[in-house]
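This structure is a prediction, so every number in the text was calculated from the model and none was measured. Per chain, numbering begins at 1; letters A, B, ... match sequence-line order.
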Amino acid sequence: MAGHNRDIAEQFSRLADLLELEGGNPFRVRAYRNAARTVGGHSRDMAEMLEQDEDLSRLPGIGKDLAGKIRQIVETGHLPLLDKVEQRTPVALSQLMRIEGLGPKRVKTLYEALGIQSLDDLKQAVDAQQVRGLSGFGARTEDKIRQGIERLAGSAARTKLIHAEQIAAPLVAWLKESTGVKDVEVAGSFRRRKETVGDLDILVTASRNSDVMQRFIRYGEAEETVSQGKTRSTLRLRSGLQVDLRVVPQVAFGAALYYFTGSKEHNIAVRKLAQKKKLKINEYGVFRGDERVAGRTEKEVFASVGLPFIPPELRENQGEIEAAANGKLPELVELDDIRGDLHCHTNATDGHHSLEQMARAAQDLGYEYLAISDHSRHVSVAHGLDSKRLEAQIAAIDRLNGKLDGFVLLKSAEVDILEDGSLDLPDAVLKQLDFTVCAVHYKFDLSRERQTARVLRAMDNPYFNILAHPTGRLINERAPYDIDLEQIMQAASERGCFLELNAHPERMDLDDAHCRRAHELGLKLAISTDAHSTSDLELMRYGIGQARRGWLQADDVLNTRSLNALKKLLRRN
DNA sequence: GCCGTTTTCGGCCCGACTGTTTTCAGTCG
């Protein structure tokens with residue numbers, strides 16, 4: 001289901017592709033791309049903002065013209081300019097730009113010289129060796145295009161952060177064994193803790209005679225050397241993930257780390273600031289003319305343009321630069337702020353460990369409390385609990401709490417929200433719990449109106465406390481179900497309910513934009529791992545990363561509270 | 001198409017690597 005914003009962003013981005021192909025003004029192209037990004041990443045619906053008469057041109061990168069175009073799309077579903085451009089330039093051409101090594105210029109040449117419009121056309125031309133004769137193309141380029149077509153067919157999705165970490169760790173260890181190497185850091189979206197990464201950007205500082213670049217190329221997991229230079233090389237690993245290695249002298253470490261951490265949009269914005277101060281920022285430092293004025297640390301780089309250090313998770317050019325300039329950066333929540341986990345499972349349902357094992361593991365993490373929230377009966381595949389079994393678990397928790405010292409197990413349940421919005425366990429047993437975690441586990445395909453009404457009705461139950469994984473998405477696997485989160489968040493706020501930020505790296509649900517919206521609304525979130533085993537409790541750090549990307553501070557998070565403060569917050573009136 | 005402590009025009013980040021060229025355009029990040 002395309003939400004309004006996603007649809008608008010899609011149209012802008014298609015328009016940008018086509019204008020680029022036509023050789024249009026690159027800055028105009030960028031303007032549409034920026035707008036697509038702003039709208040697509042915005043947590044509030046453009047339609048709703050328009051309804052409330054809000055001025056869209058106050059959004060970053062949206063001026064009078066684009067605000068008008070957004071209105072056109074909201075009101076008619078169409079962008080006339082896009083329709084017009086699509087009539088003169090085949091839409092399929094933008095698909096061709098997704099092939100590595102093919103940009104707008106080459107795609108245009110292929111179209112004009114050989115009439116190539118589709119992947120199939122291109123495949124045929126490559127097989128017939130027609131491409132190599134074109135000016136600017138040669139046999140090697142033709143070869144690369146052939147490989148690019150094959151790779152595109154394998155449609156490489158972005159890699160989940162947890163998977164990227166597993167791939168990066170042994171590679172970093174391998175690089176650290178090179179001679180003359182000092183720092184090895186994974187930068188890029190990995191360092192910004194994005195939920196998925198497109199590739200790995202690894203930064204190394206090394207002495208001039210270091211063998212790190214040769215060693216990188218020899219890495220056992222490497223499948224192909226994409227490019228190789230003195231300061232920069234790129235590998236494709238067997239996993240399909242691409243890795244960029246950049247080597248700089250130690251004096252440039254901060255500037256390089258800053259540069260390769262991105263995001264691109266953030267970097268561009270800060271470089272503009274630098275320009276105004278007659279400075280130039282590149283990966284080797286900050287320069288005034290030929291003189292290096294900063295670069296050893298990131299903090300120095302920021303200071304050179306008059307800013308305090310901005311944490312990597314915020315570097316998306318989504319207002320962090322302005323906030324930093326005004327001394328309004330948030331003090332982001334940290335893993336150490338977390339005092340407990342509010343959503344986990346045991347072997348009573350689909351978890352792997354017992355109550356006591358889960359409790360001990362949480363204690364080992366330094367937690368003060370852990371909520372046991374096994375599934376309710378409707379989730380039969382997980383052997384969900386009925387009233388009787390839940391009451392038995394409640395008694396078992398009471399007994400165990402008698403034995404635990406300085407640590408408390410909280411009584412909870414992950415209660416299914418049924419299709420009609422009722423809860424899957426009777427109030428008589430829900431009232432015996434410390435709180436509930438409620439969730440949608442089936443009927444994902446209801447209309448936006450009905451899905452929203454379903455959850456709103458569930459919240460009317462006085463025993464509803466926290467809405468678990470609020471959109472139900474599984475990254476790269478299942479799209480979020482269609483629900484009006486703005487309305488849900490407002491309602492939760494009014495009723496003393498809360499939403500969960502599910503920290504599981506397959507879910508990361510809420511996303512960063514919605515976390516930020518929750519903060520704006522003053523709605524607190526629970527960051528919970530949904531652990532199904534003792535080791536899963538350590539997934540908390542992914543949730544923290546997401547929370548930080550969403551500008552959340554410790555105060556925004558339920559489980560940074562002491563047990564008493566938490567219980568007070570969870571009490572509904 | 002956006003944007004403004006060098007404001008309503010004239011800018012718009014910056015560098016590395018590849019392949020096809022013979023000095024550089026195209027692509028990428």
**Student:** To the nearest 0.5 angstrom, please state how far the CE atom of Met508(A) sits from the CZ atom of Arg193(A).
**Tutor:**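 It is 7.5 Å, given to the nearest 0.5 Å.
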**Student:** What's the closest nucleotide to the Ile268(A) side chain, out of dC13(B), dT18(B), dC2(B)?
**Tutor:**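 The closest nucleotide is dC13(B).
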**Student:** Taking any heavy-atom pair under 4.0 Å as a contact, classify Phe137(A): base, sugar-phosphate, or nothing.
**Tutor:**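 The answer is sugar-phosphate, as Phe137(A) gets under 4.0 Å only of primed atoms, P, OP1 or OP2.
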**Student:** Of all the choices, dC14(B), dG15(B), dG1(B), which nucleotide is nearest to the side chain of Tyr284(A) once you look at every atom?
**Tutor:**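 Closest nucleotide among those given: dG15(B).
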**Student:** Could you check which of dG1(B), dC12(B), dA16(B) has an atom nearest any side-chain atom of Thr231(A)?
**Tutor:**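 It is dA16(B).
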**Student:** Of all the choices, dA16(B), dG1(B), dC14(B), which nucleotide is nearest to the side chain of Asp65(A) once you look at every atom?
**Tutor:**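 Looking only at heavy atoms from C-beta outward on Asp65(A), the closest nucleotide is dG1(B).
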**Student:** Base, sugar-phosphate, or nothing: which does Asn267(A) touch, judged by heavy atoms less than 4.0 Å apart?
**Tutor:**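 It contacts nothing in the nucleic acid.
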**Student:** Heavy atoms only, 4.0 Å cut-off, all strands: where does Asn25(A) land among base, sugar-phosphate and nothing?
**Tutor:**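 Here Asn25(A) touches the bases of the nucleic acid.
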**Student:** When rounded to the nearest 0.5 angstrom, what distance separates CG in Leu82(A) from CD in Glu86(A)?
**Tutor:**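 Those atoms lie 4.0 Å apart.
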**Student:** Take the protein atom CZ of Phe27(A) and the nucleotide atom C1' of dC14(B), then report the distance between them rounded to whole Å.
**Tutor:**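 Those two atoms, CZ and C1', are 12 Å apart.
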**Student:** Applying a 4.0 Å non-hydrogen cut-off, can you work out what Arg30(A) is touching in the nucleic acid: base, sugar-phosphate, or nothing?
**Tutor:**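 Base contact - Arg30(A) has a heavy atom under 4.0 Å of at least one base atom.
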**Student:** Within the structure provided, determine whether Leu81(A) and Lys69(A) are in side-chain contact (heavy-atom separation under 4.5 Å).
**Tutor:**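 A side-chain contact under 4.5 Å exists here.
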**Student:** Check the angle between the aromatic planes of Tyr258(A) and Phe302(A) and answer parallel, tilted or perpendicular using the 30° and 60° thresholds.
**Tutor:**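 Tyr258(A) vs Phe302(A) ring planes: perpendicular.
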**Student:** Take Pro60(A) and Lys280(A), find for each the nucleotide of DNA chain B with the closest heavy atom, and name the residue whose nucleotide sits nearer the 5' end.
**Tutor:**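 Whichever sits nearer the 5' end wins; that is Pro60(A).
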**Student:** Mind checking the C1' distance from dG1(B) to dT8(B)? Whole angstroms is fine.
**Tutor:**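 Comparing C1' positions in dG1(B) and dT8(B) gives a spacing of 14 Å.
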**Student:** Specify the residue among Asp199(A) and Lys277(A) whose closest nucleotide of DNA chain B lies further upstream toward the 5′ end.
**Tutor:**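 Nearer the 5' end of the strand: Lys277(A).
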**Student:** Find the distance between CD1 (Ile202(A)) and CZ (Phe190(A)) and round it off to the nearest 0.5 Å.
**Tutor:**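 If we round to the nearest 0.5 Å, Ile202(A):CD1 and Phe190(A):CZ are 8.5 Å apart.
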**Student:** Rounding to the closest angstrom, what is the interatomic distance between dT21(B) and dG26(B) at atom C1'?
**Tutor:**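 Looking at atom C1' only, dT21(B) and dG26(B) are 13 Å apart.
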**Student:** Give a yes/no answer on whether the side chain of Ser227(A) brings an N or O atom under 4.0 Å of OP1 or OP2 in dC28(B).
**Tutor:**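 For dC28(B), OP1/OP2 do not have a side-chain N/O of Ser227(A) under 4.0 Å.
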**Student:** Can you tell me how far P in dT20(B) sits from the matching atom in dA16(B), rounded to whole Å?
**Tutor:**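 Taking atom P in both dT20(B) and dA16(B), they lie 22 Å apart.
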**Student:** Can you confirm whether the side chains of Arg315(A) and Ser263(A) place a donor and an acceptor under 3.5 Å from each other?
**Tutor:**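 Ser263(A) and Arg315(A) do not have a side-chain donor-acceptor pair below 3.5 Å.
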**Student:** So Pro104(A), base contact, sugar-phosphate only, or nothing? Heavy-atom distance under 4.0 Å.
**Tutor:**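 Sugar-phosphate, no base atom in range.
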**Student:** In this structure, how many angstroms lie between the C1' atom of dC3(B) and the CD atom of Glu322(A), rounded?
**Tutor:**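 So the CD-C1' distance, Glu322(A) to dC3(B), works out to 12 Å.
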**Student:** Find the partner of dT8(B): check Watson-Crick (N1-N3 plus N6-O4 or O6-N4) and G-U wobble (N1-O2, O6-N3) distances, both under 3.5 Å, and reply none if neither fits.
**Tutor:**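 None - no nucleotide pairs with dT8(B), as no candidate has both distances under 3.5 Å.
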**Student:** Below the 4.0 Å mark, does dC2(B) have OP1 or OP2 next to a side-chain nitrogen or oxygen of Lys64(A)?
**Tutor:**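 False: Lys64(A) side-chain N/O out of range (4.0 Å or more) of dC2(B) OP1/OP2.
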**Student:** Just call it for Ala187(A): base, sugar-phosphate, or nothing, with non-hydrogen atoms closer than 4.0 Å on any strand.
**Tutor:**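 Ala187(A): no heavy atom of the nucleic acid under 4.0 Å.
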**Student:** Expressed in whole Å, how much space separates the P atoms belonging to dC13(B) and dC2(B)?
**Tutor:**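 Between the two P atoms, the distance is 16 Å.
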**Student:** Applying a 4.0 Å non-hydrogen cut-off, can you work out what Lys264(A) is touching in the nucleic acid: base, sugar-phosphate, or nothing?
**Tutor:**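 Answer is base: heavy atoms of Lys264(A) come under 4.0 Å of a base.
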**Student:** Say we look at dT23(B) and dC17(B): how far apart would their C1' atoms be, to the nearest angstrom?
**Tutor:**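 Nearest-Å result for dT23(B) against dC17(B) at atom C1': 16 Å.
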**Student:** Does Asp201(A) offer a backbone N or O that forms a donor-acceptor pair with the side chain of Arg246(A) under 3.5 Å?
**Tutor:**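 No, because the side chain of Arg246(A) does not come within donor-acceptor range (under 3.5 Å) of the backbone of Asp201(A).
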**Student:** dT6(B): syn or anti, with syn meaning chi within 90° of zero?
**Tutor:**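 Anti, angle beyond 90° from zero.
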**Student:** With the side chain counted from C-beta on, respond yes when Gln228(A) and Ile217(A) share a heavy-atom pair under 4.5 Å apart, and no when they do not.
**Tutor:**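 Yes, close enough: below the 4.5 Å cut-off.
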**Student:** With rounding to the closest Å, how many angstrom separate the P atoms on dC12(B) and dT6(B)?
**Tutor:**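 Roughly 15 Å separates the two P atoms.
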**Student:** What's the CG-C1' distance between Asp201(A) and dG29(B), to the nearest Å?
**Tutor:**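 After rounding, the reported distance stands at 7 Å.
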**Student:** Identify which nucleotide among dG19(B), dG26(B), dC13(B) has an atom closest to any side-chain atom of Arg271(A), counting heavy atoms from C-beta outward.
**Tutor:**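 Closest of the options to the side chain of Arg271(A): dC13(B).
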**Student:** When the distance from OH of Tyr259(A) to P of dC13(B) is rounded to whole Å, what number comes out?
**Tutor:**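 To the nearest whole Å, that distance equals 12 Å.
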**Student:** Classify Arg106(A) by what it touches in the nucleic acid, base, sugar-phosphate, or nothing, heavy-atom distance under 4.0 Å.
**Tutor:**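 Sugar-phosphate: the residue Arg106(A), judged by heavy atoms under 4.0 Å, touches backbone atoms but no base.
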**Student:** The side chain of Leu81(A) lies closest to which of these nucleotides: dG26(B), dG1(B), dA16(B)?
**Tutor:**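 Selected nucleotide: dG1(B).
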**Student:** When the distance from CG of Leu15(A) to P of dG1(B) is rounded to whole Å, what number comes out?
**Tutor:**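 Between P of dG1(B) and CG of Leu15(A): 8 Å.
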**Student:** Mind checking if Ile99(A) touches a base, just sugar-phosphate, or nothing, with heavy atoms under 4.0 Å?
**Tutor:**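 Result for Ile99(A) = sugar-phosphate.
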**Student:** In whole angstrom, give the distance that lies between atom NZ of Lys272(A) and atom P of dG10(B).
**Tutor:**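 About 18 Å, once rounded to whole Å.
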**Student:** Could you please name the option among dT18(B), dG1(B), dG15(B) that lies closest to any side-chain atom of Arg232(A)?
**Tutor:**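 Looking only at heavy atoms from C-beta outward on Arg232(A), the closest nucleotide is dG15(B).
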**Student:** When the P atoms of dC14(B) and dC9(B) are considered, how many whole Å apart are they?
**Tutor:**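 Pairwise P distance, dC14(B) against dC9(B), rounds to 25 Å.
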**Student:** Does OP1 or OP2 of dT6(B) have a side-chain N or O of Gln275(A) closer than 4.0 Å?
**Tutor:**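 So the side chain of Gln275(A) is outside the cut-off, no N or O lying under 4.0 Å from OP1 or OP2 of dT6(B).
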**Student:** Which nucleotide in the list dG19(B), dC13(B), dG15(B) gets nearest to the side chain of Arg140(A)?
**Tutor:**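 Shortest atom-to-atom distance from the side chain points to dG19(B).
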**Student:** Taking atom C1' of dG26(B) as reference, at what distance in whole Å does atom NZ of Lys144(A) sit?
**Tutor:**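 After rounding, the reported distance stands at 13 Å.
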**Student:** For Leu257(A) and dG29(B), what is the distance between atoms CG and P respectively, to the nearest whole Å?
**Tutor:**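 These atoms are roughly 19 Å apart.
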**Student:** For Lys69(A), answer base if it contacts any base atom (sugar-phosphate contacts may also be present), sugar-phosphate if it contacts only those atoms, and nothing otherwise; contact means non-hydrogen atoms under 4.0 Å.
**Tutor:**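 Lys69(A): backbone/sugar contact only, no base atoms under 4.0 Å.
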